[in-house]
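As structure tokens, the structure follows; a few thoughts come after it.
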Protein chains: 2
Amino acid sequence: MSANSRLTIAAHALAWIGLYQRQGHEVATSEQIAASANTNPVVIRRLLGELRRAGLVESRRGVGAGWSLARELESITLLDVYEAVEPGPLFAMHRTAPDQGCVVGHGIQPAMQGIYEGIEETVRNELARVTLENVLQDVLAAPR
Amino acid sequence: MSANSRLTIAAHALAWIGLYQRQGHEVATSEQIAASANTNPVVIRRLLGELRRAGLVESRRGVGAGWSLARELESITLLDVYEAVEPGPLFAMHRTAPDQGCVVGHGIQPAMQGIYEGIEETVRNELARVTLENVLQDVLAAPR
DNA sequence: GCAGTCGTAACAGTCATGGTTGCAACAACC
DNA sequence: GGTTGTTGCAACCATGACTGTTACGACTGC
């Protein structure tokens, strides 16, 4: 389906801020993060704005402004990020309602709905098992 | 992410063909299926063409032509349909490669890759647990 | 040969996403 | 109080995936 990269970029930004703060800096700017992710600062600000609404990061304005973590990396899971950043369901129903006069058209949506909900639940469980601290450790463990 | 409905429509089509054949008919036309799914016959033909390439259905041409199942509904899982119909991964990486000179930019892709592969594997396992026969039974069990 | 259906190309419309520009709001610092 | 650097946000365009639609050739039973 060639999905979007929002979750990837959001995790990238959080790991970057976390590492930067551990190196003694107070805040990170969207421009620095954008340079690391090789994208536009506005894209980063948009994403971090959603993470702020979810209570994962904070921002300061004015000179010397930037972004900082609102919670420790250990306490943020990929599920937190996913819910902050991905609005819709993994699988979609018909665009237009199927023929309700047909047996299949009438019953297919509740049937698939139940299946899809189960799958989304297991995906959420998987995402909830990974913290951003795990991600950062994996990042640092990558071979040069 | 507001995904696509290809898997839903494909399952709808297969269940429809399966039920139709159990009612004594040999083949189903794309027009009949499109009427049930409330879409265009060409959309159905395109999808069923991908299912045919995967060996799930067969088609006949000429007068009295149409589509029939190549395997029993019991032996077709949603994973078979998913693989026939959804090409890409669930989650995408960065559009443009991140800065390899940055520690995070260098390590983030292998880190996320590993996580995503694990999640896709569990999704596949879930999909493999549901047969189209299960789906049809769920469809028929829907309250009127 | 006729009729009905598939097979497929071509194109427009919609939507999500990403990239870009521009500018107001804000706050530290001088 | 002015300057400066950064966020916040709106507006717009480009791209790509998917859907819907039309058109027409290919095929086959009658």
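Fair warning: this is a prediction, and the values are worked out from it, not measured in the lab. Numbers restart at 1 for each chain; the letters A, B, ... are given by sequence-line order, proteins then strands.
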Looking at [X], does any N or O in its side chain come under 4.0 Å of the phosphate oxygens OP1/OP2 on [N]?
X: A:Ser30; N: D:dT6; result: no
X: B:Arg45; N: C:dG7; result: no
X: A:Thr29; N: D:dG5; result: no
X: B:Asn40; N: D:dT21; result: yes
X: B:Thr39; N: D:dT19; result: no

For B:Glu133, the salt bridge (Lys or Arg N to Asp or Glu O under 4.0 Å) test, sequence neighbours excluded, returns B:Arg22
By salt bridge (Lys or Arg N to Asp or Glu O under 4.0 Å), B:Asp138 pairs with (sequence neighbours left out) none
For the residue pair A:Asn125 / A:Thr122, report whether a side-chain donor-acceptor contact shorter than 3.5 Å exists. no
Sorted by number, residues from residues 50-66 of chain A placing a heavy atom under 4.0 Å from DNA chain D are A:Arg52, A:Ser59, A:Arg60, A:Arg61, A:Gly62, A:Val63, A:Ala65, A:Gly66
Within residues 8-17 of chain A, the residues having a heavy atom closer than 4.0 Å to DNA chain D are none
Grab the two heavy atoms, one from [X] and one from [Y], that are nearest each other, plus how far apart they are.
X: A:Val81; Y: A:Ala10; value: CG1-CB, 3.5 Å
X: A:Ser30; Y: A:Arg45; value: OG-NH1, 3.1 Å
X: A:Val27; Y: A:Tyr20; value: O-CE2, 3.3 Å

Quiz item: Between the side chain of A:Gln21 and the main-chain N/O of A:Glu26, is any donor-acceptor distance below 3.5 Å?
Solution: yes
| Hey, is the main chain of A:Pro98 close enough, under 3.5 Å, to the side chain of A:Gln100 for a donor-acceptor pair? | yes
Ordered by number, residues from residues 97-112 of chain B within less than 4.0 Å of DNA chain C (heavy atoms) are none
Enumerate the protein-to-nucleotides 9-11 of chain C contacts in which both atoms are nitrogen or oxygen and the separation is below 3.5 Å.
from   : atom 1 : to      : atom 2 : distance (Å)
C:dA10 : N6     : B:Arg46 : NH1    : 3.4

Nearest whole angstrom, please: distance from the [atom2] of [N] to the [atom1] of [X].
X: B:Met93; N: C:dG18; atom1: CE; atom2: P; value: 14 Å
X: B:Gln32; N: C:dT5; atom1: CD; atom2: P; value: 8 Å
X: B:Leu47; N: C:dT8; atom1: CG; atom2: C1'; value: 15 Å
X: A:Trp67; N: D:dT7; atom1: CH2; atom2: P; value: 7 Å
X: B:Leu48; N: D:dT19; atom1: CG; atom2: P; value: 13 Å

Residues passing the side chain to side chain donor-acceptor pair (under 3.5 Å) test with A:Asn134, sequence neighbours excluded, are A:Thr131
Hits for side chain to side chain donor-acceptor pair (under 3.5 Å) against B:Arg95, two or more places apart or cross-chain, chain-then-number order -> none
Distance-only criterion, 3.5 Å: show the donor-acceptor pairs between side-chain atoms of residues 108-115 of chain B and protein atoms not counting sequence neighbours.
from     : atom 1 : to      : atom 2 : distance (Å)
B:Gln109 : NE2    : B:His94 : ND1    : 3.1

Classify the side chain of B:Arg95 and the base of C:dG18 as holding, or not holding, a donor-acceptor pair under 3.5 Å.
no
Result for 5'-nearest mapping on DNA chain D, choosing between A:Glu31 and A:Thr96, is A:Glu31
With sequence neighbours left out, the residues meeting ring pair (Phe, Tyr, Trp, His ring centres under 6.0 Å) with B:His106 are none
Contacts of A:Tyr116 meeting ring pair (Phe, Tyr, Trp, His ring centres under 6.0 Å) (sequence neighbours excluded), chain-then-number -> A:Phe91
All N/O donor-acceptor pairs, side-chain side in residues 47-55 of chain B, below 3.5 Å, sequence neighbours left out:
from    : atom 1 : to      : atom 2 : distance (Å)
B:Glu50 : OE1    : B:Arg6  : NH2    : 3.0
B:Glu50 : OE2    : B:Arg6  : NH2    : 2.7
B:Arg52 : NH1    : B:Ser59 : OG     : 2.9

